[in-house]
Structures are given as C-alpha cells and as structure tokens.
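Below you'll find the structure I mean.
Note that these values count all heavy atoms, side chains included, but never hydrogens, waters or copies made by symmetry. All chains are named by letter (A, B, ...) in the order of the sequence lines, taking the proteins before the strands, and each is independently numbered beginning at 1.
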Amino acid sequence: MSDQGVKMASVTEQMDVLMRGVVDVVSVEELEAKLTRSVKTGKPLRVKLGIDPTGFDLTLGHTVPLRKLKAFQSLGHQVVLIIGDYTAQIGDPTGRNEARPQLTHEETLAHGRHYVEQAAKVIDVSRLEIRYNSEWLAPMNFADVIRLAGKTTVARMLERDDFSKRYHEGRPISLHEFFYPLMQGQDSVAIRADVELGGTDQTFNLLMGRELQRDEGMEPQVCITNPIVEGLDGVEKMSKSKGNYIAVADRPEEMYGKAMSIPDGLIAKYLIHFTEMPLAEIEALQRAMAEGMNPRDAKMRLGRELVALYHGPAEAQAAEDHFRTVFQKKDVPDDMPEFHPDPALLEDGAAGVIQLLLGAGLVASGSEARRLIIQGGVSVDGERVADERATLALRDGMVFKVGKRKFARLRLP
RNA sequence: GGAGGGGUACCGAAGUGGCUAAACGGGCCUGACUGUAAAUCAGGUGGCUCUGCCUUCGGUGGUUCGAAUCCACCCCCCUCCA
C-alpha cells in the first residue's frame, strides 16, 4: 500500500514477491545483481512492459504481466509502459487474417488511453511512465533501419517459434514482421530498460532487447516471462477472439459465473496469476481439494476473489448470491434487463412470443428464437414455451428466460 | 521470370453442372445429467411475412432451363525452380 518513499525491501524479500508464478527469468543472477545494486544506491529499476494499442478490451490474461508490473511498482521500482503506436500504425499482420487495417495515429492514441484506463484497475497509473515508441522509431531513416536489420539474421529470426511454425505450415510471413522483434528490442534500448516483462510467447522479442542493448554497450535487460494462461475451456490461450475469456470489465455476475465454469485443474493457476491471494493460502486450498473438498467451493472462492478485485467485496457477495439463486436454486434473479414491447405488435394486450423475444433482445433473429423454442430453451414465468407460434397475454413484470442464463423482464408503460 | 497447387459457412475440410443452405470434424447454442466443472448422450447451428421464398462458396462478367461446380479476366495465398 504505502510504498511511497518507504525503505526498499531487501533483495530476498523482493525476489520472493517477484518470482510468484513466473515461468522463466533470464537470468535470476542478473536480476539479483540489479536488485542488490538498486537497494544499495536507492535507485529504482526501470521495468518495461510493451503493449500494442489495437483497441482490445483487457482480459485476465493481459493482467498477468500487469500484476507483475504492479509488484515491481509496489516495491518502489519505476515501471514504464510502452505503447506501440508506431508498431501498430505499420499494421500487424500476425495471425491468418492479413486484413487487419492499419491504424491512424489518432486511433492508436485512443486505444492507448483505453488500455491505460483498464490497466488502472490493476496498477497505479499515476506513477506510470508512459512512452510511445514513435518517439524514437519515427525519426529513424532508411539507413538506420537497414543498420538495425543488419543486427540479426534470417536464420535467427526463423528460430522464433511463431515464425518457424508458420513457415513450416506454409502460412505467410510478411517481411516486415521480422522487424517486430527488432523494434521491440529498440524500445528497450531507448528507455534503458533494466527488466522487461511479457508472456512466454514474447521470449524471442524480449531476448532481442538484450542483444540490441549489449550492442549499444548497455547492460542487458533481465527478461521475465509469465505463462500464457488457458481460457475458460482449459485448453486454448485466453483470448478475446476465442471467446474463452474473462474481461476486467465484465459485470460481477458474469465474472463470477465464468470463474465457476472453468475446469477444476485450472483453479490454482487462476488464483496464482489472476489474483493476489497469498501463495500459502492457495496451497492450503489445493491440499484441501486433494483431501476431498468440493472443487466447486474452491471455484466459488476464486469467483469472489476476482469480483472483489475488480468490483469490490460487496459486489463479490452479490455476485455469489446471484449465482446461488440462478444456478443452484434455478430461481429468477432480482436484477435483470427490462424491456417494453413494441406497441405496434400488440393486439388486445397480447403478442407473439418470437416478436417479444426479439424485442427483449434475447435472440439475434426470429429463426434463432424459433429454434430455441423448439428445443425447449425458452420459458416465460417459469413455464416452458412449447409452441413457437404462441401468443402471450402481456402482464407487467413477466419474466422471459432463454437458455440457462438470459433473462428479461417485460414492462408495460 | 518459369512450373505447379490453392482461396467453400465461426475455424478446419469435402464437394467439380441439378438430389447442395452445401458432407464430415472442431467450436458454439439448446436439452438431459451435474458442481452452470469435466466426461457423456440427444438435437440444433444464414435470413424471412417459414409446408414456401430470399441471400451465400475470393471478385467481376459470361455459358446454361439450371453454376460452389464450366469459360474469361482480375485479386490474394502457398510450393518448387531461377
């Protein structure tokens, strides 16, 4: 909490906090040496995290390096957030759709702000040094770029997992993608990073920073990688496009519910990387599960921790109550969206179910509504709707339910 | 520059003139079972004024009663050779 101006923790104490959940550190000795020097001189380390301002909403996956950044910050170090505005403007073709549009500078700035806004839920952004990499990349001329390119080889580049995989699978690699590691490394040179954080998928890029720094006669940065945590399905990396994510902006019930749906094997991992629960406590929980504790209860704990972290303890309790009501008791929640029927559809105070579901926004199309009704997935006031052509007499407060978790309450004017 | 292969729905991938709104697998959705876990089982998965109609197979144009399938041009990707 009150980490301002306080005496710096000892190297061992710092290492203890910093090593939580990391996959790899290149190298531990160098990190200790840097910390030792920092403690001695009172000079904080410069810790870097780079982001691509592509306008994404933060998922818990993104918060893993952010939490590590926060740990450094709390220990009194200077954290530096690099917003890759220049990189983003060039247009990152990574992935299969090369159609990703190039961003205007304005857009990248807006995305950067969007990111910082959400990051504020994890770290103290007022003490963040925010830098845009166009600051040093834009002034480079072609000769500078060629010189930079000369610092590595194609064979070296193809060592990168992502590249070699795509190369062997016959998927395209644009030439300029080779510049990404170089640009990212150049960022480290420019801000004189002592430490850089990233997921294990960033390893190659992080190491490039070391090489470029060494080349400039600087002490190379320490690279700390955190795991890429699996999403809700327990298999694939948590990502927006896979739809297997929890977003930091998720509503409390949503966040809690998603936490409850993860495979048991992921509980401890989520607690370690997504929350700040003390490791000892997590281990105790794991032991308890091994001895027969219902993993569901551990997940409920996870759900509470997460919601408390992003919405506060009161909301955490509320989310849990909501979960109990809706999913354990299969009851109707207190809070749900409300909607007013389109008066044009009313006939003697009645209307067709499909039109009502559409009006409530519970279905995307009439066909979907029809399908769901046939499959028994729609109920009104607890009663399953059997006929897709049914006409319902409207009453204020009627509750429409679609699937297990979509509700809407009808309101008459 | 030369030769060859390829672009199909959310993804992968069949289909080479009508029986194709398009096999199969994954994902996703619904139902059953549950701990909204996993696993499993059943069904579904373009839209609509829904026993029918409309739009869809890289793009444009054409042949045909009829095209994802044939032809022409164009765009994009991959492999090998140079």
Side-chain angles (χ1 to χ4, degrees), chain A residues 93-100 163 165-175 177 230-246 250-271 285-286 288-289 292-304 306-307 319-333 342 344-345 347 351-355 357-358 362-379 383-391 400-407:
Chain A
T94 304
R96 35 204 79 185
N97 293 327
E98 74 294 340
R100 188 172 289 181
F163 288 151
K165 220 155 110 197
R166 282 200 276 160
Y167 187 69
H168 288 295
E169 284 170 7
R171 300 210 319 269
I173 303 170
S174 293
L175 187 56
E177 290 188 71
E230 296 90 335
L232 305 176
D233 53 23
V235 181
E236 302 234 51
K237 157 183 179 179
M238 179 178 283
S239 81
K240 191 99 181 170
S241 56
K242 294 257 161 42
N244 61 352
Y245 65 96
I246 298 178
D250 273 345
R251 301 303 317 144
E253 301 89 55
E254 187 85 352
M255 193 176 265
Y256 189 96
K258 284 178 179 175
M260 290 305 288
S261 78
I262 65 170
D264 297 347
L266 237 47
I267 300 172
K269 203 167 188 179
Y270 272 37
L271 285 169
L285 209 54
Q286 281 180 289
M289 277 193 277
M293 172 191 184
N294 190 337
R296 179 200 55 196
D297 297 325
K299 278 204 264 188
M300 293 180 94
R301 177 71 197 277
L302 169 66
R304 284 200 303 277
L306 288 176
V307 178
E320 183 160 299
D321 293 343
H322 177 268
F323 177 82
R324 285 213 150 95
T325 307
V326 176
F327 299 109
Q328 293 188 335
K329 296 189 205 136
K330 296 207 191 323
D331 231 334
V332 173
D342 180 352
L345 299 167
E347 270 180 53
V353 221
I354 292 177
Q355 290 311 316
L357 291 172
L358 278 167
L362 291 171
V363 294
S365 70
S367 300
E368 181 181 78
R370 198 162 285 114
R371 263 181 247 129
L372 288 168
I373 291 170
I374 291 167
Q375 293 176 139
V378 174
S379 65
E383 201 132 332
R384 194 172 273 190
V385 177
D387 179 6
E388 76 262 30
R389 268 172 300 219
T391 302
F400 289 76
K401 181 181 183 189
V402 172
K404 289 188 189 96
R405 25 184 269 164
K406 290 204 288 202
F407 296 92

Using the C1' atom on both, measure B/rC80 against B/rG47 and round to a whole Å. 45 Å
For B/rU40, which nucleotide is its Watson-Crick or G-U wobble mate, given both distances must be under 3.5 Å? B/rA32
Going by the side-chain hydrogen bond (donor to acceptor under 3.5 Å, both in side chains) test, name the single residue among A/R251, A/R304, A/E320 that passes it with A/Y256. A/E320
Atom-pair distance (NZ on A/K406; P on B/rC29), nearest Å: 9 Å
To the nearest angstrom, how far is A/L358 atom CG from B/rU49 atom P? 8 Å
Whole-Å distance separating the OH atom of A/Y245 from the P atom of B/rC28: 14 Å
Nucleotide nearest A/R405 when distance is taken to its side chain, options B/rG31, B/rG35, B/rU36: B/rU36
What's A/I374 touching, base or sugar-phosphate or nothing? Going by heavy atoms closer than 4.0 Å. nothing
Is any side-chain N or O of A/Q375 under 3.5 Å from a base N or O of B/rG31, one able to act as donor and the other as acceptor? no
Say you pick atom P in B/rC77 and the same atom in B/rG27; how far apart are they, in whole Å? 31 Å
Does any nucleotide pair with B/rA72 by Watson-Crick or G-U wobble geometry, both distances under 3.5 Å, and what is it? B/rU60
Under 4.0 Å between a side-chain N/O of A/S365 and OP1 or OP2 of B/rC48, yes or no? yes
Counter-base of B/rA21, judged by Watson-Crick or G-U geometry with both distances under 3.5 Å: none
Does B/rU36 have OP1 or OP2 sitting under 4.0 Å from an N or O in the side chain of A/Q328? yes
Tell me: NZ of A/K401 to C1' of B/rU36, nearest whole Å? 10 Å
Should the ring pair A/F327 and A/H322 be called parallel, tilted or perpendicular, given that the plane angle runs from 0 to 90° and is split at 30 and 60? perpendicular
Under 4.0 angstrom between A/S367 side-chain N/O and B/rC48 OP1 or OP2: yes
Say you pick atom C1' in B/rA14 and the same atom in B/rG7; how far apart are they, in whole Å? 15 Å
Would you kindly give the CD-to-C1' distance between A/E253 and B/rU36, to the nearest whole Å? 14 Å
Which residues satisfy the salt bridge (charged side-chain N to carboxylate O under 4.0 Å, His left out) test with A/K269, sequence neighbours excluded? A/E230
Counting the atoms with a prime plus P, OP1 and OP2 as sugar-phosphate, which does A/P263 contact under 4.0 Å by heavy atoms, base, sugar-phosphate, or nothing? sugar-phosphate
Can any side-chain N or O of A/E368 pair as donor or acceptor with the backbone N or O of A/A364 at less than 3.5 Å? yes
Figure out the CD1/C1' separation between A/I262 and B/rA38, and round it to whole Å. 12 Å
Atom P, compared across B/rU55 and B/rU60: separation rounded to whole Å: 14 Å
Is there a Watson-Crick or G-U wobble partner for B/rU16 with both distances under 3.5 Å, and which nucleotide is it? none
Inter-nucleotide P distance (B/rU79, B/rG46), Å rounded: 35 Å
Side chain to side chain contact (heavy atoms under 4.5 Å, CB included) between A/L358 and A/D342, worked out: CA-CA 10 Å; A/L358 278 167; A/D342 180 352; over 6 Å; no
Does A/D264 get its side chain close enough to the base of B/rG35, under 3.5 Å, for a donor-acceptor pair? yes
Atom-to-atom span, NZ of A/K330 to C1' of B/rU30 - whole angstrom: 14 Å
5'-most contact on RNA chain B: A/M260 or A/Q355, nearest heavy atom basis? A/M260
Would you please confirm or rule out a distance under 4.0 Å between OP1 or OP2 of B/rG47 and any side-chain N or O of A/R371? yes
Considering only heavy side-chain atoms of A/P295, the closest of B/rC29, B/rG35, B/rG31 is B/rG35
Watson-Crick or G-U wobble mate for B/rU45, both contacts under 3.5 Å: B/rG27
Could you tell me whether A/R324 and A/D331 make a salt bridge, using a distance below 4.0 angstrom between a side-chain N and a carboxylate O? no
In the strands shown, is B/rG66 matched to any nucleotide by a Watson-Crick or G-U wobble pair with both distances under 3.5 Å, and which? none
Would you name the heavy atoms of A/M238 and A/N244 that are closest together and state the gap between them? CA-OD1, 3.6 Å
Any base atoms under 4.0 Å from A/G257, or only sugar-phosphate, or nothing? Heavy atoms, all strands. base
Mind checking the P distance from B/rG15 to B/rG6? Whole angstroms is fine. 11 Å
Which base sits across from B/rC80 as a Watson-Crick or G-U pair, both distances under 3.5 Å? B/rG2
Quote, to the nearest angstrom, the C1' distance that separates B/rU51 from B/rG61. 37 Å
Find which nucleotide of RNA chain B each of A/K404 and A/F323 is nearest to by heavy atoms, and output the residue with the more 5' nucleotide. A/K404
Which heavy-atom pair separates A/Y245 from A/K258 by the least distance, and what is that distance? O-NZ, 3.1 Å
For a quick check of understanding: with a heavy-atom distance under 4.0 Å over all strands, which category does A/R324 fall into, base, sugar-phosphate or nothing? nothing
Between P on B/rU30 and CD1 on A/I373, what's the gap in Å once rounded to a whole number? 14 Å
Quantified in whole Å, what is the P atom distance between nucleotide B/rA23 and nucleotide B/rG18? 16 Å
